[in-house]
Protein chains: 2
Amino acid sequence: MNELRRPDARPLYVQVEAILNERIVSGEWKSGQAIPAEPELAAELGVSAGTLRRALARLEQRHLIERRQGRGTYVSQQTSQQALGLFFRVRNFAGKPVRPESFITGVTTGPATPEEAARLRLSPGEAVHRIDRRRHLEGEPRIAERIALPAALFPGLSLPLAPKQLGAEIYVHYRNAHGIIVVSAEEDLSAASATEEEAALLGCPVGAPLLLIERVTFDAAGRPVELRVSRLDTRAHRYAVEIV
Amino acid sequence: MNELRRPDARPLYVQVEAILNERIVSGEWKSGQAIPAEPELAAELGVSAGTLRRALARLEQRHLIERRQGRGTYVSQQTSQQALGLFFRVRNFAGKPVRPESFITGVTTGPATPEEAARLRLSPGEAVHRIDRRRHLEGEPRIAERIALPAALFPGLSLPLAPKQLGAEIYVHYRNAHGIIVVSAEEDLSAASATEEEAALLGCPVGAPLLLIERVTFDAAGRPVELRVSRLDTRAHRYAVEIV
DNA sequence: CAGTGGTCTAGACCACTTT
DNA sequence: AAGTGGTCTAGACCACTGA
């Protein structure tokens, strides 16, 4: 049933983590659903409660599950609010997190550029969907961004077009429509000058300094699922980073 | 001897972590020194090995100690290399971490500005030391920065003046000369245009976009110990962020 | 109240490092 | 061989949740 081997190279709790991770990735355990209680799971997998708990703690740290004393263990819902809290690090000058409003300005599909292929680990020329968005912070246009998605992962890309869904995080849409659970990201940050087009979009002078964010997002299976290039007007906002 | 109470609000392993943290902060256990083995420590503190291990794991995660099977547990040395690996997130376009060369251009002491007082949790007008530096990446001047330190924490600020020490991380100097162990930082990032002065220093056009990094650093006791404002020329480098 | 996760303990065994 | 940290187990007890 399980391929658990004691004298494996990896510790038992890592093997258990991988098994449970796979159950979530495969959709056997769906988002928001309760998973079996500790004693039951431990018995099924043939490990002690302590080992199982250690695996569950690692899944919780990766935000794949949520545990609450007395309630149970649930596969993360990745609601809009949670996704924003984890992945949207913009604050205003008072230090308060802000919620963006998003407006899609264009959707296209075409062969990946060399840059996109490299970052998304695609073969040269594989198809990608591209979404262009404008995002408002506290009522003002502050972010211009382009999102590139491997077409193979998002067959027949269905976009949320209702105004209500436009405000929601797109990661929630990935999960609902394509079963992709986003868990981590790598970003490269730099400074750039606003082009004419960006200046018009953001209402800033041509050549104004913008914070350029190039993000590659990964799902629970470790696949790169999104390349996002954002330009943030920092006249009224900051990007927050914590180092531990 | 210890004030460990079982029905405390905090779990035992958190209380143990705090006790061990205090021994490091107070200098009872010095940087690089081995601490007692698990059985000895557990007996001394009157807790089980499991509880002690959990506390040690948390200290290790905060980079305050290092553990190696067969060798023992050591208070972190915070060598130059380790400090850079944790706190210096600049990469070149190949994605490789780069080591900065640092040149101090000025040192002054004076009353804190309102901004400095707020970020460093000082009373208005308390004294701060200020260090201005220019930093080179791969041979070129790329960073202009000012570091503000609470004078109360750095009595008679002794600066490393030998050329060799100039290259080392200043956090290593904090530890060696003032016993301050740096463990975490919060940063606000934005984009700014180069002033005439910065342009001259960095060899870029006036108005060129720079990545502006405002960092507050905290020590093992949770005190803010440094406000650092850096301006990074991103023509040849990126600032790397990981989100988990 | 029953059932859940969270804490704490005690002890066995293993893998690694040093002498 | 002796001593270290790393893994795994089994079980007791507590704190929280919901019916």
Side-chain angles (χ1 to χ4, degrees), chain A residues 1-21 23-24 29 32-77, chain B residues 1-21 23-24 29 32-77:
Chain A
M1 188 145 329
N2 310 312
E3 323 79 24
L4 279 181
R5 292 182 217 298
R6 305 313 168 81
D8 187 332
R10 297 181 303 172
L12 243 194
Y13 63 85
V14 175
Q15 301 178 48
V16 171
E17 180 195 7
I19 289 175
L20 303 183
N21 186 84
R23 291 193 184 177
I24 296 172
W29 289 342
Q33 179 182 333
I35 75 176
E38 284 187 13
E40 187 182 337
L41 249 188
E44 185 217 332
L45 295 170
V47 300
S48 76
T51 298
L52 173 65
R53 279 189 65 75
R54 201 161 169 182
L56 290 171
R58 290 165 64 95
L59 290 170
E60 188 178 26
Q61 211 167 10
R62 293 168 55 211
H63 305 286
L64 270 178
I65 61 174
E66 290 165 17
R67 320 195 70 194
R68 280 233 303 271
Q69 199 175 38
R71 291 231 327 130
T73 301
Y74 297 79
V75 180
S76 287
Q77 284 241 235
Chain B
M1 182 126 3
N2 310 315
E3 324 80 22
L4 279 183
R5 290 181 220 299
R6 304 312 168 85
D8 188 329
R10 297 182 303 170
L12 243 194
Y13 62 85
V14 175
Q15 300 178 48
V16 170
E17 179 194 9
I19 290 175
L20 304 183
N21 185 83
R23 291 192 184 176
I24 295 172
W29 290 340
Q33 180 182 330
I35 75 176
E38 286 186 12
E40 189 182 337
L41 250 187
E44 186 219 332
L45 295 169
V47 300
S48 75
T51 299
L52 173 65
R53 278 188 66 75
R54 200 160 170 182
L56 291 171
R58 291 165 64 94
L59 291 170
E60 189 178 26
Q61 210 168 10
R62 293 169 54 210
H63 305 285
L64 270 178
I65 61 174
E66 289 165 16
R67 321 196 70 196
R68 282 233 302 271
Q69 198 176 38
R71 293 234 322 133
T73 301
Y74 297 81
V75 180
S76 286
Q77 284 241 232

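Bear in mind the structure is a predicted one, so any value in this text is a computation, not a measurement. Values below: all heavy atoms of this structure, side chains included; hydrogens, waters and symmetry mates excluded. Residue numbers begin at 1 in each chain, while the letters A, B, ... track the order of the sequences.
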With sequence neighbours excluded, tell me which residues meet salt bridge (charged side-chain N to carboxylate O under 4.0 Å, His left out) with B:Arg54.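 Partners of B:Arg54 by the salt bridge (charged side-chain N to carboxylate O under 4.0 Å, His left out) criterion come out as none, since no residue qualifies.
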Reckon [X] has a side-chain N or O less than 4.0 Å from the OP1 or OP2 of [N]?
X       : N      : value
A:Thr51 : D:dT9  : yes
A:Arg68 : D:dC16 : no
A:Arg54 : D:dC8  : no
A:Tyr13 : D:dC8  : no
A:Thr73 : C:dG5  : yes

In this structure, how many angstroms lie between the [atom2] atom of [N] and the [atom1] atom of [X], rounded?
X       : N      : atom1 : atom2 : answer
B:Ile65 : D:dG5  : CD1   : C1'   : 11 Å
B:Arg67 : D:dG3  : CZ    : P     : 18 Å
A:Glu66 : D:dC16 : CD    : C1'   : 17 Å
B:Gln15 : C:dC8  : CD    : C1'   : 12 Å
B:Leu59 : D:dG5  : CG    : P     : 13 Å
A:Glu40 : C:dA2  : CD    : C1'   : 16 Å
A:Arg10 : D:dC8  : CZ    : P     : 12 Å

Where do N or O atoms of nucleotides 13-15 of chain D meet protein N or O atoms at under 3.5 Å, pair by pair?
none

With respect to the side chain of [X], which nucleotide from [options] is positioned closest?
X       : options              : value
A:Glu38 : D:dG5, C:dG6, C:dT4  : C:dG6
A:Arg71 : C:dT7, D:dT17, C:dG6 : D:dT17
A:Ala37 : D:dC8, C:dT4, D:dG5  : C:dT4
B:Arg53 : C:dC8, C:dG6, D:dG6  : D:dG6
B:Pro11 : D:dG5, C:dT7, D:dC8  : C:dT7

According to side chain to side chain contact (heavy atoms under 4.5 Å, CB included), who are the partners of A:Gln69, at least two apart in sequence or on a separate chain?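 Residues passing side chain to side chain contact (heavy atoms under 4.5 Å, CB included) with A:Gln69: none at all.
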So, using side chain to side chain donor-acceptor pair (under 3.5 Å) as the criterion, who are the partners of [X] when residues are at least two apart?
X       : result
A:Glu66 : A:Gln82
A:Ser76 : none
A:Arg62 : A:Glu17, A:Asn21

Given 3.5 Å as the limit, does a donor-acceptor pair link the side chain of A:Gln33 with the main chain of A:Val75, or not?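 Absent.
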Quick one: does A:Glu38's side chain get under 4.5 Å of A:Leu56's, heavy atoms only?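 Contact flag for A:Glu38/A:Leu56 side chains = yes.
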Could you pick out which residue, B:Ile35 or A:Leu52, lies toward the 5' side of DNA chain D when each is mapped onto its nearest nucleotide?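 On the 5' side of the pair lies B:Ile35.
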Shortest non-hydrogen contact from A:Trp29 to A:Pro36?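 Smallest heavy-atom distance, with atoms named: CZ2-CD, 3.7 Å.
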